[in-house]
2 protein chains.
Amino acid sequence: MSTKDRLIESTRALLWERGYVGTSPKAIQHAAGAGQGSMYHHFSGKEELARAAIDRTAEEMRAGIDAQLSGPGTALERITAYLHREREVLRGCPIGGLTQDPEVMATPALREPVDQTLSWLRARLAQVVAEGIAAGELSPALDPAATASSVVATLQGGYVLARAADSPQPFDQAVEGVLALLRSSAPR
Amino acid sequence: MSTKDRLIESTRALLWERGYVGTSPKAIQHAAGAGQGSMYHHFSGKEELARAAIDRTAEEMRAGIDAQLSGPGTALERITAYLHREREVLRGCPIGGLTQDPEVMATPALREPVDQTLSWLRARLAQVVAEGIAAGELSPALDPAATASSVVATLQGGYVLARAADSPQPFDQAVEGVLALLRSSAPR
DNA sequence: GTCTATATTCGGATAGAC
DNA sequence: GTCTATCCGAATATAGAC
């Protein structure tokens, strides 16, 4: 892995763990085993490096989720699989967590990929919900966009509850709770 | 309002807006119109002040929600009212947002009130769900604790989606989505 | 109780040698 | 490309006068 790649990977890890305001150039350099000069040779500064790191995380996440939601199975099965996707619950969502960082929200270049990723996710999930309705698996009374937002919010909020409790339990409960509601709304 | 009170109130606002790592003693002093000496006279440092601020926010939130959930109306009506409670959506939850702050999570004295508040909220809401099941308003197939976690997670996650999109829309969608699911799960 | 002065370390970067 | 030196202001206090 090149020095540039190591800088990006270290930044990804630190942004996930400490956020943008909580991450210093010095910490990034140390984690990457690179000197100051090296970092400022490859990137104009902390912001450009963070953008590269966020982009990489966003692309990875998007590709993984899309593969899962586009895979085989009924709509409800794919939503269930997505909700049960393996996650490092106590670390939170590496993209969603950035919405709490004041500098990220105030910097268009950093905010953009976060916005795009979560908007894409809601839209993609709404498609799957619509497929489920069309197939008669889900109630035609459901609004695909609203239901999709609820599912994504359950995950994002599940992370918050799990981190507060220092336990994955509330996350798992929230997921099972929303799945039970989805299943119980099926046409009978 | 005393200087001490102004320090606490300013800290509350800054913690909400910028988090703990993003808030400096200097910024607090400036917002409170107090000098350094003043702050260090009333509090041992940033941590003790933050604890006082978080405690105050947590108590306020808890009292307000409890009043609403203990009020008149059926269980489903009270849950609906709680979900429709007026909120500054784009600012996020002043308690839930702290779970994303690495220093808060690493400091037991700061983490404790956050944990307590969200745990209390899940338990309180689970009671209301149980009342709804007992009254025949909600499906007896629902698990009160899981359903309560889903409802709280929908709110916390709704804030995340709204902040990412810089619009309250995804929050409102998530709330309406979960309410539709709750209603559609009612025994028929 | 509040103020000003001082101290130490970190944050975020630039300059220029190798 | 990478390194070391250097810069300036901010973060987080402590000390002691008023």
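Convention: sequence-line order gives letters A, B, ...; per-chain numbering from 1. Computed from a prediction, not measured in an experiment: that's the story for all the values here.
Side-chain nitrogen and oxygen atoms of A/Lys46 include at least one within less than 4.0 Å of the OP1 or OP2 phosphate oxygen of C/dG12. Proximity of A/Thr3 to the phosphate of D/dT2: a side-chain N or O atom is located under 4.0 Å from OP1 or OP2.
With hydrogens and angles left out, the side-chain atoms of A/Arg87 and A/Tyr159 include a donor and acceptor closer than 3.5 Å. Side-chain polar atoms of B/Glu48 and B/Ser44 form a donor-acceptor pair below 3.5 angstrom. Side-chain contact of B/Arg18 with B/Ser24: a donor-acceptor pair under 3.5 Å is absent, judged by distance alone.
Between B/Lys26 atom NZ and C/dC10 atom P there is a gap of 18 Å when expressed in whole angstrom units. Between the CD atom of A/Gln36 and the P atom of C/dG11 there is a distance of 11 Å, rounded to whole Å. What separates CD of A/Glu103 from C1' of C/dG12 is a distance of 12 Å, to the nearest Å. A straight line from CE of A/Met39 to P of D/dT2 spans 14 Å, rounded to a whole angstrom. Separating the CD1 atom of A/Ile28 from the P atom of C/dG12 is a distance of 9 Å, rounded to the nearest angstrom. Between B/Arg6 atom CZ and C/dT2 atom C1' there is a gap of 12 Å when expressed in whole angstrom units. Nucleotide D/dC3 holds its P atom 10 Å from the CD atom of A/Gln29, rounded to whole Å. Atom NE2 in B/His41 sits about 13 Å away from atom C1' in C/dC3, given to the nearest Å.
Each of A/Ala27 and A/Ser44 was matched to the nucleotide of DNA chain C holding its nearest heavy atom; the match closer to the 5' end belongs to A/Ala27. Nearest-nucleotide positions on DNA chain C for A/Tyr20 and A/Gly37 put A/Tyr20 closer to the 5' end.
In this structure, the separation between CG on B/Asp115 and CZ on A/Arg163 is 12.5 Å, given to the nearest 0.5 Å.
Without hydrogens or angle criteria, A/Arg111 side chain to A/Met105 main chain gives a donor-acceptor distance under 3.5 Å.
Comparing C/dT2, D/dA13, C/dA13 by their closest approach to the side chain of B/His42 singles out C/dT2.
Within 4.0 Å of A/Ser2, counting heavy atoms only, lies no atom of the nucleic acid at all. Within 4.0 Å of A/Gly35, counting heavy atoms only, lie sugar-phosphate atoms of the nucleic acid but no base atom.
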